[in-house]
Engineer: 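Got a structure here, written out as structure tokens. Questions coming.
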Amino acid sequence: MPGLAPGDSAGGGPDSVNGTLVPYSSDSHVSAIYPLRHGLNPPISRVSVSWGRGNSLRVSVFRQPDSDPKSDGEVGGKVVEVTLGKSRDGEISDAQWRKIAYGSVSPFALLQSRKNSTASLSRMQLSPSPYHLEWWEYVMEYSKDIGSLLGDPKTALATLIEDPNEVFPKKVEEPSSLKAAWELMEMFYVDKLSQAWLPERLVDWLADYNSLISIDLPTVHSKLVEFQNQIVTLQVIEDDPRYWDLISSALAVGWLEIVTENGLVEAVAVLISKMPRMRPAIDAGKIGECFKAKPDFVKAWERWRAQITKLDSSAFWIQCDHRQTREGLKNMLQIMLGNVDVLCSSTCHWMELYISHFLYIRPFTAGLESMYSLAQKCFRLKHTSNPHKLMRLMIGILGENNEVVLAECSRGFGTWMVAHAIELLTAGSNEADILVHEEREDLGGISLEELHRLVYAQLLSSHLLTWQIAPIYLTSCMRQGMGLLEILLLKQPVQENQMLLKNLEICRLYELDGISSHLMEISGMYHWKHGRKGCAVFWLQQAHDEVRLSGIASQLFDSVGKSISGESFKQWEGLIELLGSEGQLAGGLDFLHKYRDFKKCLQHAESRKDADAARQAVESLMSLMRNASTPQRFWLPILYDAVKLLSWDEGPLINVGQTNLLLNKLQELSVARLRPDFVEAELPTQALNHVRYSLATNLGRAILGEL
């Protein structure tokens, strides 16, 4: 599905020798283990695995046959269904991926349309209207639409730790790594309005996704969850050092709501609730005082820090005789004063330490260079040998390394992510725009943007439920997209009209008239081959396939005359009416009626030796031979049938003029037989000579009869 993660190369790297467009890294996913509870006693002789419905596996477990006649008669096997669900890393199931894939089509198509319109205005050298939005605003709208598909990660952090009936944290929806990565790309590359308070955006981001940032190391979130599970065993929570350690950790990463609602001394709680924040606004339910202007924030910050220093040196601590409370509160004051050692001991992950620096040491940090330098410092202090994919992406963004960002998007989050996130990357970086749009000889002359879209479209095309949306992405690829779209459409089955109509609608949308005609031709020939002649003629008519329609008409008329029963005639009549103008080329419905009348009269005359029926047969014969709609290849079979009329025992039925007309037709036929494209009728080899002899004999008899 679209979430399948390819390799970590952005294209053209050493892995390209393997023949893969985007190399696949086998360690990009953590293997999941699913228990198999079959309930059978050993020994197990065989296990069979097959796909079930949706994202489930059907596992058949077979016992070894028991030859003991006194056995308990246990069944010989069992079928167990194993559902492949989410991993603990916040991954997304196949069904959700399909929902995301379909939902992201409309925002992507709208952005491409706006991009084309903007490019057209630029080529025409027209100035945009005064109400025209800047490009980043269009990309921001696109990003919000996509982000809404990925879920809402908000977590209720302000849960009372001491309440054993409350579960911390209350999750509104389980966050996903994909959503977290998308928000990172948006805040750094697209959202121009939040650049002035980017550190605060990172504080909010960590609050939403703290549970996802580590693979093998604990986080503040995991410590809080673990402590919540053990809280029911504690008599007095303030006596447990872990309680104060967790409160300090929550304060260090900016989870102020947790800290102030857990029984702190009022003076400390008030200071925390009055903490200045350099941001335009704060979400409902959260605490802190917001300042938009830097001078106002500096004044409030200095005043707030002075109050903390005053409280830290007050006589209150001498009067506090509860050691754990006194040490815990003093530790929290040191955090707010920016004590690096205390911050380092209160955080678990380098990203948490990084956020604490923004909150309490360097609130004015601005620019990616200084942010990257601080990130490197925190990473050295809390190094991890196996960084999470979100952290690898973060380092790439802070280091302004566009190649690494593309590679991490592809490696860690799959083809969907890189195909859609390129729009975010190029909106905030001219260097990235040049990187992804440069045509590369090692990629066959296409750009990285087109490469990743083609790979994603290829993945969509490989699945029965998503191939219909692949054309959206293929048509955005100027060099190879349309060619691959034609191949995709031609590979779709045409057995069902509903599927064919869907393919034809796609052809209509993208003006692929040639492919549309070809699909209808294939469908027509398929139905003809399987005996559905009416449906076959319809689709061939829609395709304007004159050659095949003419061939079908010829084949139909070749079968005329072998049987003149009412049922068979109705079949011929219906098909020829459906053929319309194509049928007229082969003789048409008028010929069919005349030929039927002739055959019926001829049979009637032969069976009853009736002169009147024979004369009616002659009239039908002459009507056929005079009619221009009678195909030339039928002249000889008709005349061969009429030999019995030419040798009528009671006297000649065809007069001299009529005989001369038939002789002239026979002469034309003799000349026509010399053409290389003439098709001989299935008649005896001497049929022509026999007809010529009969006409000559009848001419003599007719002349004598007129004397």
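Computed over heavy atoms, backbone and side chain alike; hydrogens, waters and symmetry mates excluded. Note that the coordinates shown come from a computational prediction; the quantities given were computed from them, not determined experimentally.
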Engineer: Can you tell me how far CG of L459 sits from CH2 of W467, rounded to the nearest 0.5 angstrom?
Structural biologist: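 Rounded to the nearest 0.5 Å, the CH2-CG separation comes out at 16.0 Å.
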
Engineer: Do K179 and Y209 form a cation-pi contact, if we require the NZ or CZ to be under 6.0 Å from the six-membered ring centre and within 45 degrees of the ring's axis?
Structural biologist: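 No cation-pi geometry.
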
Engineer: Please walk me through it: do L398 and Y354 pass side-chain contact (heavy atoms from CB on, under 4.5 Å)?
Structural biologist: CA-CA 12 Å; L398 295 175; Y354 185 57; 3.6 Å; yes

Engineer: When the ring centroid of H452 is compared with that of Y473, is the distance short of 6.0 Å?
Structural biologist: no

Engineer: Taking the basic N atoms (NZ, or NE/NH1/NH2) and the acidic carboxylate oxygens, is any pair closer than 4.0 Å for K192 and E134?
Structural biologist: no

Engineer: When the ring planes of F379 and W350 are compared, do they come out parallel, tilted or perpendicular, using 30° and 60° as the limits?
Structural biologist: perpendicular

Engineer: Would you say that more than 12 heavy atoms from the other residues, nucleotides or ligands in this model lie under 6.0 Å from the CD of Q195, or not?
Structural biologist: yes

Engineer: In plain terms, say whether E141 and K144 are close enough for a salt bridge, that is, a side-chain N and a carboxylate O under 4.0 Å apart.
Structural biologist: no

Engineer: Between CD1 of I282 and CG of D204, what distance do you get to the nearest 0.5 Å?
Structural biologist: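 Separation between the atoms: 7.5 Å.
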
Engineer: First locate atom CD of E449, then atom CE of M478, and finally report the distance between them rounded to the nearest 0.5 Å.
Structural biologist: 9.5 Å

Engineer: Would you say E186 and S143 are linked by a side-chain donor-acceptor pair, where the criterion is simply a distance under 3.5 Å?
Structural biologist: yes

Engineer: Are the side chain of T466 and the backbone N or O of L460 linked by a donor-acceptor pair below 3.5 Å?
Structural biologist: yes

